[in-house]
Amino acid sequence: MARRSFGGLNAPLALSLTALILAVPASTLPFVTLARFGNTRTSTLLSGSRGLWRHHMPSLSTWVLFCGVVAPLLEITFLALILTWWRRDAHDHSNPWVKAAHQLQHWSMPEIHVLAVLVSFFKIGSLAQTTMGVGFYCYAAAATAMLAAWQTFTLEPARVLATQAATPEKKEAT
Amino acid sequence: MTNPFSDLPRKDLAASFALAATVMLIPANVLPVMTFATAGSPPNVTTIFGGVALLWNENLWALALIVFTASVAVPGLKLGGLAWLLYSVRGGRRPNSRRLTRLYSMINAIGRWSMLDVFLVAFLTGAVRFRNLASVTPMHGIIAFASVVILTMIATQLFDPRLLWETNEDDDQTDEAHTAENPVNSKAHQRVKPNA
């Protein structure tokens, strides 16, 4: 089920747990601070989604919240749970979390969110004095840890499809 | 045993979603995506392409290139690629399976990067709020653009790359054609990695 390049299941588990821990300060601490003519405004990870909601775009707000916050959080949680489970027991291909984590991979986009914030920094550089907050650094680090975790561990789609089709399962120790 | 992966409806569904995305591409590029208002100057209403031009004019060429790639080139390439894939699996055709599977993998990998502009507008809306001094207001173009991203991603997920191999049994790549009979274990399918 898993393709591993180094560290067995320990490396992706460590990386996913790191991402999970970093998700806490990323979602609570200041993301970015803007200052203009003495006025200072601090925003958090959820400010963008809240801003869209305030401008009567609830569907887009929900979508941004899902792709930037909820999906990555669920994805990494599921991945950590799967890896913890597999380290103790035999690999269970029919685990619904495997399917869920695989599906969430498509919609989880923290790295794109990070790039968008970086582009925004340059875009508004002439408008206001911008300062990156600890929350942003934690979010970027969590996104990197997630990418690294997937580099050491892959859910093979063919296997996932096999599970969905309820074909005879062939458990293999990886 | 019948094929549990009913291909035909999925292919048609993928085509429907791709068509819907193509239609939505028009308002996404024509309508403004946000308004940048600063004290002492008229509000700056920007479209997707206008945002790229603005970055270019401010000599932020690298950023302009990134935004252009993510917001203009990727949706266009993705829809073009999907159209090619869907056309290739139409009856009677013998697609180049290997090359088209690679194209599918590429489309699957790059499609999500179009969300860059949506995240950018969301971030600016939340961050730039200085009452009368400066503010960013999202416009309806960004909803149309987000729908293009979602529709193309769903279309890609619905398209089954095994179709590229099923119509190619007499191809000179006999090994792949043989394994395509058992799609779950086919090399073609294993080559398509999820977005990591």
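Everything quoted here is computed from the prediction, not taken from an experiment. So that the names make sense, note that chain A is the first sequence line, chain B the second, and so on, each numbered from 1.
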Taking the side chain as everything from C-beta on, heavy atoms only, tell me whether [X] gets closer than 4.5 Å to [Y].
{"X": "B:Leu124", "Y": "A:Lys123", "result": "yes"}
{"X": "A:Glu111", "Y": "B:Arg112", "result": "yes"}
{"X": "A:Met109", "Y": "B:Phe119", "result": "yes"}

Distance from [X] atom [atom1] to [Y] atom [atom2], nearest 0.5 Å?
{"X": "A:Ile124", "Y": "B:Leu120", "atom1": "CD1", "atom2": "CG", "value": "9.0 Å"}
{"X": "B:Phe123", "Y": "A:His113", "atom1": "CZ", "atom2": "NE2", "value": "7.5 Å"}
{"X": "A:His106", "Y": "B:Thr156", "atom1": "NE2", "atom2": "OG1", "value": "10.0 Å"}
{"X": "A:Leu115", "Y": "B:Met115", "atom1": "CG", "atom2": "CE", "value": "12.5 Å"}
{"X": "B:Thr125", "Y": "A:Arg54", "atom1": "OG1", "atom2": "CZ", "value": "8.0 Å"}
{"X": "B:Ile150", "Y": "A:Cys67", "atom1": "CD1", "atom2": "SG", "value": "7.0 Å"}

Side chain, backbone, both or neither: which part of [X] has an atom under 4.5 Å from a heavy atom of chain B?
{"X": "A:Ile112", "result": "both"}
{"X": "A:Val64", "result": "both"}
{"X": "A:Ser43", "result": "side chain"}
{"X": "A:Ala35", "result": "backbone"}

Is it true that [X] and [Y] fall in one hydrophobic cluster, defined by side-chain heavy atoms closer than 4.5 Å?
{"X": "A:Leu20", "Y": "A:Leu83", "answer": "yes"}
{"X": "B:Ile66", "Y": "B:Leu54", "answer": "no"}
{"X": "A:Leu74", "Y": "A:Leu13", "answer": "yes"}
{"X": "B:Met106", "Y": "B:Leu100", "answer": "yes"}
{"X": "B:Val45", "Y": "B:Val33", "answer": "no"}

request  = Name the member of A:Gly51, A:Ser120, A:Ser61 that forms the most heavy-atom pairs with chain B at distances under 4.5 Å.
outcome  =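 Highest number of heavy-atom pairs under 4.5 Å: A:Ser120.
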Counting heavy-atom pairs under 4.5 angstrom with chain B, the leader among A:Arg41, A:Arg50, A:His55, A:Met146 is A:Arg41
- request: Using the side-chain contact (heavy atoms from CB on, under 4.5 Å) rule, take B:Glu58 and A:Phe122 through it: C-alpha gap first, then chi angles, then the decisive distance, then the call.
  value: CA-CA 10 Å; B:Glu58 288 175 5; A:Phe122 287 99; over 6 Å; no
*Heavy atoms from other residues, nucleotides or ligands near CH2 of A:Trp53 exceed 12 (cutoff 6.0 Å)*: no
query = Should we count CZ of B:Phe49 as having more than 12 external heavy atoms under 6.0 Å?
reply =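 Counting neighbours around CZ of B:Phe49, 12 or fewer heavy atoms of other residues, nucleotides or ligands fall under 6.0 Å, so no.
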Counting only non-hydrogen atoms closer than 4.5 Å, does [X] touch chain A with its backbone (N, CA, C, O), its side chain (CB onward), both, or neither?
{"X": "B:Val136", "result": "backbone"}
{"X": "B:Met34", "result": "side chain"}
{"X": "B:Leu60", "result": "side chain"}

Can you tell which of B:Ala62, B:Ala146, B:Ala134, B:Ser147 has the highest number of heavy-atom pairs within less than 4.5 Å of chain A?
->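 Going by pairs under 4.5 Å, I would pick B:Ala134.
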_How close do A:Leu34 and B:Ala127 get, counting heavy atoms only, and between which atoms?_
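Closest approach of A:Leu34 to B:Ala127: CD1-O, 3.4 Å.
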